[in-house]
Amino acid sequence: MAAKTFPKQAKPTCSMFSMAASSAGPSNSNLVQHFINMGFHERLVTKAIIESGESNTDMILETILTYSVLEDSQQVDQNTCHGSSNQQQCVHDDELSSDYDDSLDDSEIDDFVCLPNGMSQSPNIVTICKFHFYAFAEIVKISGIDIYLVQENGNSLPDNENVLLSLASMGYAVEEVSEAMERCGPDASVVDLIEFITAAQMAKTEAVFFEEEKPKIFVNMELKRKQNQEALERNKKKGPLAEQDDVIRLPNPMIGFGVPSICSVVAYRTLPEAAIGPPFFYYENVALATKGDWETISRFLYEITPEFVDSKYFCAAARKRGYVHNLPINNRFPLLPLPPRTIHEAFPLTKKWWPEWDKRTKFNCLKTTYGSPKLTEMVRKAVEKCGDNPPDHVKKYVLEECRRWNLVWVGKNKVATLEPDEVEMILGFPRNHTRGGGLSRTDRFKSLGNSFQVDTVAYHLSVLKNIYPDGMNVLSLFSGIGGAEVALHKLRIPLKNVVSVELSEANRDIMKSWWQQTDQKGNLVHLADVQKLDPHKLDKLIKSVGGFDLIIGGSPCNNMAGSNRVNRDGLEGEQSSLFYDYFRILETVKIIMNRRN
DNA sequence: GTCAACATGATGGATGAA
DNA sequence: TTCATCCATCATGTTGAC
């Protein structure tokens, strides 16, 4: 039986996935569809509605979950799978190692960081699988734990019986192993056997999967594009913005549904039915995008109204961003301790040198590039010439440069650019998060400039803590330096399985290093290119981890950002068009997870 | 080839005066 | 309501030092 994505320790209520169901009316078919969209099997839904009646959706959900637990328990008994009754928490070792390798090209896999994961078939078995290969070599016993060492080149073979037992204990079916041994011959290595088995599994999956899934996903994309194009043309015909009824306007103040200091601006919202999870999703991009981009993003992401938030309400720097998500919005809480909210709180030593005519209390957006030494020299000379009270035109020039490049006063008449570690601190990352490992100063600024503000994102994600007390499976797209992961970690939400997709090797290294340094107990899988994440690979990943609880990411803003004077082509730009891959992957995951449940 | 420094501006929303 | 002005903006391409 396929895994459920809800941890049974914290059953979600209907309100967690908005009030869409109750607002959709009591129509039986709508109600059934609603729960099917949440990822439950139609048979269970129908049974639960008959038993609970149509009026109480929470009761229906309780009943469905009860049936799910019962069925899972039965399934577990049949499989003699020791451990949790929830298959999500009972992923076999082969699903966490060899299946990844089977499904993914070596070139795309950066590394498998394999850690004791507590999800092994047997509680005293740990698989260590490193560097995109899965050749089983030998078992060693360390502190009473059986460790399967996995190396790129298989070592000398045990005898056939041992091979059979070993592969079986790694989670392969005895029938599969026997068939592989028969087909590959007596001299076949373990590598050959595993390759044969996984190839056979893949062939079976492809035969079923591609015929059914691809057309549906393709049609959906095309339909969305067509609907969006029609809407854009309708707006064009309407003329001025004032006459267009579905234009998204930026709020002022930009506080979304609320920020820690101004809570509960919006107490609840109604999500469109198609947007209701699982999985939860969270998409981010620059608020000040080119015209019509947010309307398009919203149309693709189930007509959800973006939540626009300026991170100046969370830290000492502005960061105006739009977030489209299907998360609950009640009972959010901020990370503690609260980060410094003003420049002087963040950098107290600058107060001594700060001229009274520089009224800044917040930095502007922390970007990917910073002012040059020559610039700070020019500012110093300009101020020095005028003494303590420069004329207005000098003040204007200096303030323009200070605002533009986020300069701070570090001495008499002396300004400086922020250092990378200072930017790390403002954005909520651990000190030295991007330092070392071969990264230049320029690279650090670039990576940081493209990242989340951790406190802001953590505030939005904080609602997940009670829903997933035992941890989450996360699909992190355009991960960058791991802002989402750092936010979840700071919220103390365990990261069970993280599939992180990030093109930049430097960024992947930063996150890998953070993962190791923070002693994560879960599994991290790194992939490089979202465009190569096709339905087949997603299917295998979902099978391996038991489904994703959260799909999070902010696609490239290069072509949408105001700073870009060269290729500001909006969502259709070369990099920013990867938004459509975010949508494609989200849709694909939803479809696969619905089918598996 | 890599890295840092440097020069470069259009866009769109906010604001306020007419 | 219209218009001018102000302002901020997850950036890009070229150059030169090494």
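Just so it is clear: chains get the letters A, B, ... in the order the sequence lines come, proteins before strands, and each one is counted from 1.
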Looking at residues at least two apart in the chain, or sitting in another chain, which of them share a side chain to side chain contact (heavy atoms under 4.5 Å, CB included) with [X]?
X        : result
A:Asn413 : A:Val383, A:Glu384
A:Lys395 : A:Trp357, A:Asn389, A:Pro390, A:Asp392
A:Glu284 : A:Arg321, A:Tyr323, A:Phe452
A:Arg403 : A:Arg360, A:Asn364, A:Leu399

**Message:** Holding to salt bridge (charged side-chain N to carboxylate O under 4.0 Å, His left out), I want the full list of residues that pass it with A:Lys412, two or more places apart in sequence or in another chain.
**Reply:** A:Asp388
**Message:** Under the ring pair (Phe, Tyr, Trp, His ring centres under 6.0 Å) definition, can you give me all pairs with a residue in residues 359-382 of chain A, not counting sequence neighbours?
**Reply:** A:Tyr370-A:Phe445
If only side-chain N and O atoms of [X] are considered, is one of them under 4.0 Å from the OP1 or OP2 phosphate oxygen of [N]?
X        : N      : result
A:Arg321 : C:dC10 : yes
A:Lys291 : B:dT11 : no
A:Asn252 : B:dA14 : no
A:Asn285 : C:dC10 : no

**Request:** Give one of base, sugar-phosphate or nothing for A:Ser372, where a contact means two heavy atoms less than 4.0 Å apart.
**Result:** sugar-phosphate
**Prompt:** How would you label the contact of A:Cys365 with the nucleic acid (heavy atoms, under 4.0 Å): base, sugar-phosphate, or nothing?
**Reply:** sugar-phosphate
**Request:** Sequence neighbours left out, what pairs pass side chain to side chain donor-acceptor pair (under 3.5 Å) with at least one residue falling in residues 334-356 of chain A?
**Result:** none
**Prompt:** Quick one: which of A:Asn507, A:Thr434, A:Thr442 gives a side chain to side chain donor-acceptor pair (under 3.5 Å) with A:Ser447?
**Reply:** A:Asn507
Does any donor-acceptor pair link the side chain of [X] with the base of [N] at a separation under 3.5 Å?
X        : N     : value
A:Glu400 : C:dC7 : no
A:Arg404 : B:dG9 : yes
A:Arg403 : C:dC7 : no

Do the side chains of [X] and [Y] get close enough for a salt bridge, i.e. N-O under 4.0 angstrom?
X        : Y        : value
A:Lys521 : A:Asp519 : yes
A:Asp581 : A:Arg584 : yes
A:Arg299 : A:Glu295 : no

Spacing of [X] atom [atom1] relative to [N] atom [atom2], expressed in whole Å:
X        : N      : atom1 : atom2 : result
A:Asn564 : B:dT11 : CG    : C1'   : 11 Å
A:Ile248 : B:dG12 : CD1   : C1'   : 15 Å
A:Trp294 : B:dG12 : CH2   : P     : 16 Å
A:Met560 : C:dC10 : CE    : P     : 10 Å
A:Met254 : C:dA8  : CE    : P     : 14 Å
A:Leu477 : C:dC10 : CG    : P     : 21 Å
A:Lys359 : C:dC7  : NZ    : P     : 16 Å
A:Asn558 : B:dT11 : CG    : P     : 18 Å

**Prompt:** If pairs are Watson-Crick or G-U with both distances under 3.5 Å, what is the dot-bracket string of DNA chain C, marking crossing pairs with [ ] and pairs to another strand with |?
**Reply:** |||||||||.||||||||
With a 4.5 Å cut-off on side-chain heavy atoms, are [Y] and [X] touching?
X        : Y        : answer
A:Leu366 : A:Arg319 : yes
A:Phe281 : A:Val324 : yes
A:Asn558 : A:Asn567 : no

Which pairs, protein N/O on one side and nucleotides 14-16 of chain C N/O on the other, fall under 3.5 Å?
none

Nearest to the [X] side chain among [options], which nucleotide is it?
X        : options               : result
A:Leu288 : B:dG12, C:dT9, C:dT12 : C:dT9
A:Thr290 : C:dA8, B:dG12, C:dC10 : B:dG12
A:Asn567 : C:dC10, B:dC6, C:dT12 : C:dT12

**Request:** Using heavy atoms and a sub-4.0 Å distance, could you list which residues of residues 445-458 of chain A are near DNA chain B? By number, please.
**Result:** none
**Prompt:** In terms of the angle between their ring planes, are A:Trp514 and A:His433 parallel, tilted or perpendicular, with boundaries placed at 30° and 60°?
**Reply:** perpendicular
**Prompt:** Under the 3.5 angstrom rule, does the side chain of A:Lys465 hit a backbone N or O of A:Leu491 as a donor-acceptor pair?
**Reply:** yes
**Request:** Using atom types as modelled and distance alone, determine if a side-chain donor or acceptor of A:Ser577 lies under 3.5 Å from a backbone N or O of A:Leu571.
**Result:** no
Which protein N or O atoms sit under 3.5 Å from an N or O of nucleotides 2-4 of chain B?
| residue | atom | partner | partner atom | Å |
| --- | --- | --- | --- | --- |
| B:dA4 | OP1 | A:Arg441 | N | 3.2 |
| B:dA4 | OP2 | A:Ser440 | OG | 2.8 |
| B:dA4 | OP2 | A:Thr442 | N | 3.3 |
| B:dA4 | OP2 | A:Thr442 | OG1 | 2.4 |
| B:dA4 | O5' | A:Thr442 | OG1 | 3.3 |

**Prompt:** Which value, in whole Å, describes the distance between the C1' atoms of nucleotides B:dG9 and C:dA8?
**Reply:** 13 Å
**Asked** NZ of A:Lys490: more than 12 outside heavy atoms within 6.0 angstrom?
**Response** yes
**Message:** On DNA chain B, does the nearest nucleotide to A:Leu250 precede the nearest nucleotide to A:Lys367 from the 5' side, or the other way round? Give the residue.
**Reply:** A:Lys367
**Asked** When you measure from every atom of DNA chain C, which of residues 373-385 of chain A have a heavy atom less than 4.0 Å away?
**Response** none
